[in-house]
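Everything on this sheet refers to the single structure shown next.
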Number of protein chains: 2
Amino acid sequence: MHDTHHGGRPRRLGASCLACPLRLKSAFKDKTDDEIRFIQAMKIDHRILRAGADIIHPGEEEAELYTLFSGWAFRYKSLPDGRRQILNFLLPGDLVGLQASLLSAAEHGIEALTEVELCVFPRKRIWDLFVKMPTLAYELAWLGSREECLIDDNLTSVGQRSASERIAALIISLYRRADALGLVTSNSFAFPLTQQQLADALGLSLVHTSKTWSRLRKAGLFALSGGRLTLLNPRLTNRMAAIYDQEGARRPLI
Amino acid sequence: MHDTHHGGRPRRLGASCLACPLRLKSAFKDKTDDEIRFIQAMKIDHRILRAGADIIHPGEEEAELYTLFSGWAFRYKSLPDGRRQILNFLLPGDLVGLQASLLSAAEHGIEALTEVELCVFPRKRIWDLFVKMPTLAYELAWLGSREECLIDDNLTSVGQRSASERIAALIISLYRRADALGLVTSNSFAFPLTQQQLADALGLSLVHTSKTWSRLRKAGLFALSGGRLTLLNPRLTNRMAAIYDQEGARRPLI
DNA sequence: CGAACCATTGACCTCGTTCAATCACAGTGG
DNA sequence: CCACTGTGATTGAACGAGGTCAATGGTTCG
């Protein structure tokens with residue numbers, strides 16, 4: 001039996017947030033020791049879930065707040081008849097479940113896309129954080145706004161772009177986020193999505209996603225092998241997505 | 001010359017937030033006098049803009065934070081070639097520009113759909129609010145999450161629903177929000193959208209929006225006259241949108 | 001080997017887009 | 001008073017992007 005809770009690497013519950021390896025990445029702003037100690041005191045668990053597991057069930061009312069420590073996840077929303085829209089993808093360092101924690105009923109689900117490690121914070125103590133640590137509260141709100149910004153992009157993509165443009169835009173967006181985390185090596189990064197997940201994120205059918213995807217691949221936009229995606233023509237992909245290059249400002253890590 | 005800043009009704013800058021008529025609506029949670037006084041002290045202007053005016057320009061870096069006091073507005077995002085996606089609609093009591101204030105650069109624009117009245121708060125004092133008024137800070141974050149929730153719905157609609165389903169979902173959603181504000185009389189409410197704006201919100205072409213819209217109208221789903229929309233078959237519209245009935249919980253008004 | 005899952009490809013059809021013309025209705029200036 | 005203009009709604013006709021149905025093949029796993 002493969003126990004996902006005690007996998008290959010050691011648990012980090014005891015390990016110090018002060019020494020958090022994520023925090024060293026250039027994507028994140030520096031924090032005072034006080035803030036980090038507060039975060040550490042608030043952290044009640046370090047949890048590992050296998051790919052495909054639910055992090056937050058749709059409709060859940062007592063969802064905790066998490067930070068994604070490693071792996072990928074996605075937020076999604078389902079219609080009664082089974083159609084599903086993937087709202088956005090979550091990468092290491094992203095908050096998981098802020099909306100569910102604040103609104104006290106998840107209108108969406110969150111699922112692990114790969115095996116994930118999560119830092120667990122009790123939702124009850126979010127209020128504490130607002131009272132005692134306004135800097136962290138502000139950053140919580142900031143991260144919420146940033147997620148909204150990503151969803152704005154996706155909505156614009158799904159509402160206005162053609163199939164190939166949507167694929168280009170999604171790849172570029174994930175590429176940039178992975179890059180900021182230092183996950184890109186010579187233009188390539190781990191890309192764990194199935195075509196069904198791609199389709200659900202793009203608002204396209206599985207078949208049409210597959211056809212458009214391989215057309216772009218054959219056109220030399222990118223390559224996929226061994227679960228890693230390599231951008232062969234970033235400039236072109238950018239242009240196809242009609243995206244300007246953007247800033248690489250640091251963001252908070254909580 | 002018609003001065004939009006001194007229209008028919010008197011300015012309310014001097015008027016007390018304690019006596020704010022919006023606050024009486026059943027949609028909003030009660031606040032302590034302390035909180036209301038803090039809000040009032042933070043309010044620096046009461047501004048009136050005509051329909052079509054920009055409240056926040058795309059890319060604006062010094063956007064203020066507003067509360068929509070009366071009228072409708074919408075957030076949108078444009079692509080370089082002119083395509084435009086309306087992200088969500090703003091009704092009285094909604095915060096305007098929170099994302100732009102926190103992220104310090106608007107990735108979107110916000111435009112007045114009708115003539116609007118806005119309570120203006122300086123973005124610089126948001127930080128103040130986090131330090132001195134954690135209850136209000138929490139509610140600010142709450143309202144941000146609620147907006148994200150609305151956008152999640154729209155994304156799901158645009159990504160998964162057919163043209164008629166999208167129209168049904170949009171109408172139901174606006175109907176409910178208007179209802180919560182007491183703006184619905186005998187199943188009808190003011191509906192100021194042009195078909196172009198409808199199309200941009202639904203991710204459909206103008207022509208197809210018009211055809212589908214009038215098909216649903218002729219099918220007896222709803223009627224539109226004198227700028228007011230009347231829901232003739234709410235049950236059916238709900239079912240078409242595949243939406244379950246939802247809660248009517250109170251929300252904060254800042 | 002069979003079962004499950006995922007990716008791919010062809011054939012066909014439809015929903016939604018594009019192009020274009022018409023109509024209704026304000027203003028507004030002669 | 002009426003022609004002139006601009007904006008928004010509506011409708012027809014033709015086309016095309018994307019959906020649906022169905023079959024095939026490759027992998028992994030029991």
Side-chain angles (χ1 to χ4, degrees), chain A residues 1-2 50-53 79 81-86 111 113-115 157-170 191-219 222-229 240, chain B residues 1-2 50-53 74 79 81-86 111 113-114 157-171 190-219 222-229 240:
Chain A
M1 185 179 100
H2 180 68
R50 67 181 195 294
L79 297 181
D81 63 3
R83 286 176 286 181
R84 179 178 78 161
Q85 177 67 38
I86 291 186
E111 185 178 318
L113 184 59
T114 65
E115 173 174 299
S157 223
V158 172
Q160 303 298 325
R161 292 196 243 250
S162 72
S164 359
E165 290 173 325
R166 288 183 216 182
I167 290 181
L170 179 61
F191 194 86
L193 304 200
T194 68
Q195 304 238 345
Q196 182 63 65
Q197 288 157 347
L198 266 175
D200 287 347
L202 299 170
L204 296 170
S205 72
L206 172 59
V207 174
H208 197 246
T209 301
S210 174
K211 285 175 180 171
T212 311
W213 179 265
S214 46
R215 191 159 48 76
L216 293 186
R217 202 158 31 73
K218 283 164 191 159
F222 57 87
L224 184 62
S225 79
R228 289 185 71 84
L229 187 148
M240 178 173 293
Chain B
M1 183 177 104
H2 180 69
R50 67 182 194 294
F74 61 85
L79 296 181
D81 63 3
R83 288 176 285 181
R84 178 179 77 160
Q85 178 67 38
I86 290 185
E111 185 178 318
L113 184 58
T114 64
S157 223
V158 172
Q160 304 298 326
R161 291 195 243 250
S162 71
S164 359
E165 290 173 325
R166 287 184 217 182
I167 290 181
L170 179 62
I171 290 181
F191 194 85
L193 305 200
T194 68
Q195 304 238 344
Q196 182 63 64
Q197 287 157 347
L198 266 175
D200 287 347
L202 299 170
L204 295 170
S205 70
L206 172 59
V207 174
H208 197 246
T209 301
S210 174
K211 285 176 181 169
T212 311
W213 179 264
S214 45
R215 191 157 50 73
L216 293 186
R217 202 158 33 71
K218 284 165 190 158
F222 57 87
L224 184 62
S225 80
R228 290 183 72 83
L229 186 148
M240 179 172 295

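Within every chain, numbering begins at 1; the chains are lettered A, B, ... in the order of the sequence lines, protein sequences first and strands thereafter.
Counting non-hydrogen atoms under 4.0 angstrom, B:Ser214 reaches the backbone sugars and phosphates but no base. Nucleic acid contact class of B:Thr194 (heavy atoms, under 4.0 Å, all strands): sugar-phosphate only. Across all strands shown, B:Leu204 has heavy atoms under 4.0 Å from sugar-phosphate atoms exclusively, and none from any base.
Applying the side-chain hydrogen bond (donor to acceptor under 3.5 Å, both in side chains) criterion to B:Thr194, with sequence neighbours excluded, gives B:Gln197. For B:Ala53, the side-chain contact (heavy atoms from CB on, under 4.5 Å) partners two or more places apart in sequence, or in a different chain, are B:Leu49, B:Arg50. Every residue meeting the side-chain contact (heavy atoms from CB on, under 4.5 Å) condition with A:Ala168, not counting sequence neighbours, appears here in chain and number order: A:Thr237, A:Met240, A:Ala241. Remark: B:Arg161 engages B:Ser157 in a side-chain hydrogen bond (donor to acceptor under 3.5 Å, both in side chains) (not counting sequence neighbours). Applying the side-chain contact (heavy atoms from CB on, under 4.5 Å) rule to A:Arg83 yields the partners A:Leu79, A:Asp81, B:Gln160, B:Glu165; only residues at least two apart in sequence or on another chain are considered. Applying the side-chain contact (heavy atoms from CB on, under 4.5 Å) test to B:Ser210 and every residue at least two apart in sequence or in another chain returns B:Gln195.
In this structure, B:Arg166 and B:Leu202 approach most closely via the heavy-atom pair NH1-O, 2.7 Å. Residues A:Val158 and A:Ala201 share a closest heavy-atom pair of CG2-O, 3.9 Å.
A residue-by-residue look at A:Arg217 and A:Lys211 shows that A:Arg217 has its nearest nucleotide of DNA chain C further toward the 5' end.
Atoms CH2 and CG, on A:Trp213 and A:Leu204 in that order, are 12.0 Å from each other to the nearest 0.5 Å. Once rounded to the nearest 0.5 Å, the distance linking CZ of B:Phe74 with CG of B:Asp200 reads 7.5 Å.
You'll find the side chain of B:Phe191 stays beyond 4.5 Å of the side chain of B:Arg228, heavy atoms only.
From the 5' end on, the contacts that DNA chain C makes with chain A at under 4.0 Å to a non-hydrogen atom open and close at C:dA7 to C:dA11. The outermost nucleotides of DNA chain D lying under 4.0 Å from heavy atoms of chain B, listed 5' to 3', are D:dA9 to D:dA13.
Of the candidates B:Ile86, B:Leu170, B:Ile167, B:Leu198 forms a side chain to side chain contact (heavy atoms under 4.5 Å, CB included) with just one, namely B:Leu170.
Taking every heavy atom of residues 159-169 of chain A and every atom of DNA chain D, pairs under 4.0 Å involve A:Ser162, A:Ala163, by number.
Residue pairs that meet the salt bridge (charged side-chain N to carboxylate O under 4.0 Å, His left out) test with at least one member in residues 203-214 of chain B, sequence neighbours left out, do not exist here.
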_Pairing annotation in dot-bracket form, given for DNA chain C with Watson-Crick or G-U pairs under 3.5 Å and | for cross-strand partners_ = ||||||||||||||||||||||||||||||
